Amino acid sequence: MAVLLHRLGLGAYRHRKLVLGIWLFALAALITCVGVLGGKLDDRFSVPGTESQRALDSLSKTLPEASGASAQIVFTAPEGHRITEAPYGAVIAKAVAETRQAPQVSGVVDPGASGAVSADRTTAIVQVQYRVQTAEVRTSSVDAIKSAAHAAERDGLRTSVGGSVFNSNGVHIGPSEIIGVAVALLVLVVTFGSLLAAGMALLPALIGVAAGLSGLLALAPAVSISPTAVTLALMLGLAVGIDYVLFILSRHRQQLARGIDPEESVALAVGTAGSAVVFAGATVIIALAALSVIGIPFLTTMGLGAAGAVLIAVLAAITLVPAVAGFAGTRLAPKPGSRAARRAADVEGTTGAEGTTGRTSLGARWTKWVIAKPLLTVLAVTGILVTLMLPAADLRLALPDNGSAPHASTQRTAYDTISAKFGPGFNGPLLVLAETNDRTAAASSRAGAQVAAKLRTLKNVKAVLPPEPTSDPAQSVVTVLPNSGPDSVRTDRLVRDIRAVASDLRATTGASIAVTGTTAVNIDVSNRLSDSLLPFVAIVVGLSLLLLMMVFRSLVIPVKAAVGFLLSVGASLGLVVAVFQWGWLADVLGVPHSGPVVSFLPIILIGVLFGLAMDYEVFLVSGMREEWAHTGRARQSVVDGARHGVRVVTAAALIMFTVFAGFFPLDDSLIKPIAFALAVGVAVDAFAVRMTLVPAVLALAGRGAWWLPAWLDRLLPDLDVEGSSLQKVVPADREEPESVGAGGVRGNSGE
C-alpha cells in the first residue's frame, strides 16, 4: 500500500494542475446537480419487517390520514376564561375554516367533534391531517397553519402549533460551525507555525467536504436522505478531512525542514502518513457502512452517507494535498531557526546510550512523566474512566419528538401544553389495527368494539377511542391513549402488553391486531437498535484486534487498544446519560429536555470513535515500534516514539473536538447529543487513552509488548502501514538517511 500511495503522491505533485482541475470540475458538477435536480430531505423512521411498519404500510393505502403527516393547533383561553365561551368558539371555528383551505390538508377535526377539550375547559386542540408524509408537506401548507394560529392570537387566544410536520429542523450552517472552523484554523497555525501551511491544510479539507456534501444532496431525489444524515456527513467530513490533511502535511513539512526535495518529500509523506490515513479512513468507512446490516433504512443512508464523506476526505488527503503542496513548493518549509524547524530537528535527533539528544519535546516530556510510575498511571486513568462509565448502566434509548425541541419553539410549547392539560399520552397515541377474516363492515365493527373493550382493561391505558373504519371493510383502527409519554418505559411496556394479548383477542373476536403509529414505530426502531448494539460492538472490537495485530505484529497492543476503545466509548456514553438522560448540567449546557438517549447514538459513536481511535493508535504506536526496532530498548522507544506523534495527535484531537463541539449549539434534538458524544469521545480517547494509558501500558509490558508468535506472524498479511517497503523504491540519491514511518519519526528496517 505504501508503494502505491508513494506513486500516487508523486503523480499528483507532478500533475497538480490536472488534479486540482478534476476536483474543481467534479465539485462544480455536483453543485449543479443539486441545484437542478433539487430533492427534499426525508426524516421518516421506518423498520421494514416489523409489525408496526407492516400495519402502517397497510393503513397508508386504506386510511392515509392515519399514516400521513399531522399537525396540531393548541388554543388556550386567557386567564379567568374558558375556551368554550362563545367568542372563543367563533375564533376556533374561523381557524378551522382557514386551515381546511391549506394545501395538501386532507382533514381538520375541530375540538367539538373530537372532544379534545381539557377538563378545566381552558384548552382545546384542532387536529390537522395530511395524506402525504412529512417530507412531502410543502412549506406553504405549514405557513398557512401558522397563519391561522396567529390570527387566533390577534383575537385574544394563546396558540401554539405542533405535530410531526414540525419535527425536522433541516440542515443549518450557523455561527457555531464557522467558529469551529476558525478555531481549527488557529490550531493549524499554532501547529505549523505558518499561516500559509495552515491555509493550505484547510483548503483540501474544505473542497473534500463540499464535494462529499454535494454528492449526498444530489442523491436526495432518488434516495430517502434525512437532514440528520446530511449533518452527520458534514460533521464527520469536516473533522476527519482536516485531521487527515494535517497528518500528511505535517509529515511533509518535517521532511522539508530536513532538506528533502519537495517532490520526493510529498511522495514520502503520502506513502507513510498517507498509509495511516487510508488505514484509519478504511476503518471508519467499514464501521459506518456496517450500519446497513441492521436493516433500518434511515440508519443505512446515514451510515453510507457519512462513510461516503469520509471516503472523499481520504481521497482529498492523498491527492489534493500533494497537488496543492506542488503549487507551494519550498515555501511550505519552515524557516531556518524557526520553532517549527527546531521541532523537525528534534525529531531527527540521534539516539545515544541515554536516549535522544537535542531539545526535549513536550510529547517526550509528557510521556516520561506518564511512564515514571506506569502502574499508578494505568490504575488512575482506568479508575476515572470506569467511574465516568457508571451512568451508562442506566442507558435508555428512544427517538426524540417535539418534547425534545427547544423551550422557545412553538412545537415544544404545544407539546408541553398538551401534556399538562390532556396528559402525556395524548402526544403519543397508539394505533391498533384490527383485521377480520370476515370481510363485512358489520363483522369488522363488532370485532373492533370487542378489541377496544379488551384494551381498556390493560394497565397504563388512559382512554380508548371508538373504532374507526377504513376503506377496507375488514379493517378498523382503535386509538389508545396511554397515561405515559411516548418515550416512557411504561408506554413501551404497554405496547408489549397489547401484543401479548393478540392471540387471546384472535381467539375471542376472530380479529388479528397489530400495534402501529408513530410511537409504536419509534419503539420498534429503538428496540431493534438496542438488540443490535452488543453484536455491533463485538464486530468492531474483533475487527480492531485483527487489524492492529496485522499492523503492529503484536498481541499486547491490539488487546490494549480494544480495551482502551471500550473505555472511551463507555465514558462517553456515561457522560451522555448524565447530561441528556439524568439532566446534570442540562441548563448550563442548554439541553432542552432530559429523557432517553437518541436510539442510534451509541452505534454512531462506536462506529466513528472506532476509526478515530485506530487512527491515533497507528500514528502514535508506529513511531514507538520503529524506535523499538532500531534500538531494542522497550521503555526508551516509548518516549522517543512519542516525540512527534503526541504533538500532531494533540492538534488533530483539538481540531476534531472543536468541529464536533461546533454542532452542539444546534437546536436539533438528534444532532445535539451526537455532537456532544463525539466531542467528548474524541477528547477522552486522544488524551486519556492514547496519550496517557497507551504509553503506560507499553512501559509496563516492556519487551513483551512487541511479541507475536512466529506461526501467527507468518499467517497474518503485512499491511505495511508504516511504509518500510518504500526503502526498496526510493532512489538511492534521494533516499533519506533513515526510513520514515507513519508516525513521522525516524525509522529503520531492522525488523
Side-chain angles (χ1 to χ4, degrees), residues 1-20 188 191-201 203-204 244-278 316-350 358 622-623 626 643-644 648 720 722-749:
M1 181 168 66
V3 174
L4 251 167
L5 290 174
H6 179 278
R7 292 172 181 166
L8 180 64
L10 197 60
Y13 183 96
R14 290 173 176 173
H15 305 285
R16 45 190 172 273
K17 291 183 180 179
L18 176 63
V19 172
L20 183 59
L188 289 170
T191 302
F192 290 131
S194 164
L195 189 59
L196 173 64
M200 295 193 73
L203 179 62
Y244 292 166
V245 172
L246 168 65
F247 290 156
I248 295 175
L249 203 58
S250 172
R251 183 71 186 94
H252 175 51
R253 295 189 76 239
Q254 182 191 7
Q255 293 168 165
L256 289 177
R258 306 209 296 261
I260 301 178
D261 177 72
E263 181 177 301
E264 185 55 42
S265 176
V266 164
L268 284 170
V270 175
T272 54
S275 295
V277 165
V278 171
I318 60 178
T319 58
L320 261 181
V321 170
V324 171
F327 289 104
T330 56
R331 285 178 295 172
L332 279 176
K335 293 180 180 179
S338 67
R339 189 174 180 181
R342 291 197 302 271
R343 280 199 298 258
D346 174 42
V347 172
E348 194 185 15
T350 58
S622 60
E626 290 173 7
R643 295 167 67 80
H644 174 69
V648 177
D720 190 27
E722 295 163 323
S724 58
S725 59
L726 288 179
Q727 298 174 82
K728 302 173 184 177
V729 298
V730 178
D733 61 335
R734 292 191 297 179
E735 189 176 1
E736 288 186 82
E738 294 173 334
S739 65
V740 289
V745 295
R746 164 176 51 75
N748 188 281
S749 60

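What you see below is based on every heavy atom in this structure, not just the backbone, and it leaves out hydrogens, waters and symmetry mates. Given the structure is predicted, the values throughout are model-derived calculations rather than measurements. For the single chain, residues carry numbers from 1 onward in sequence order.
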List for me each residue that meets side-chain contact (heavy atoms from CB on, under 4.5 Å) alongside [X], sequence neighbours excluded, and say none if there are none.
X: Leu18; result: His15, Ile22
X: Ala197; result: Phe192, Ser194, Arg253, Leu332
X: Pro322; result: Ala12, Val266, Val270

Tell me the closest heavy-atom pair linking [X] and [Y], and the distance in Å.
X: Phe327; Y: Arg16; value: N-CD, 3.5 Å
X: Val648; Y: Leu246; value: O-CD2, 3.9 Å
X: Val277; Y: Ala317; value: CG1-CB, 4.3 Å

Give the C-alpha distance, both sets of side-chain angles, the deciding distance and a yes or no for side-chain contact (heavy atoms from CB on, under 4.5 Å) between Glu263 and Leu10. CA-CA 7 Å; Glu263 181 177 301; Leu10 197 60; 3.5 Å; yes
Indicate yes or no for a side-chain donor-acceptor contact from Gln255 to the backbone of Ser265 under 3.5 Å, with no hydrogens or angles considered.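 Side chain of Gln255 to backbone of Ser265, a donor-acceptor pair under 3.5 Å: yes, one is there.
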If you measure from [atom1] on [X] to [atom2] on [Y], what distance do you get to the nearest 0.5 Å?
X: Leu20; Y: Leu203; atom1: CG; atom2: CG; value: 7.5 Å
X: Leu256; Y: Arg258; atom1: CG; atom2: CZ; value: 10.0 Å
X: Met200; Y: Leu320; atom1: CE; atom2: CG; value: 10.5 Å

Side-chain heavy-atom pair Glu264, Leu268 within 4.5 angstrom cut-off: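 Yes. Closest side-chain heavy atoms under 4.5 Å.
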Taking only residues two or more places apart in sequence or in another chain, which ones pass ring-ring contact (aromatic ring centres under 6.0 Å, His included) with Tyr244?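 Applying ring-ring contact (aromatic ring centres under 6.0 Å, His included) to Tyr244 gives none.
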Does the side chain of Gln254 pick up a donor-acceptor pair with the side chain of Arg251 at under 3.5 Å?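 Yes, Arg251 and Gln254 have a side-chain donor paired with an acceptor closer than 3.5 Å.
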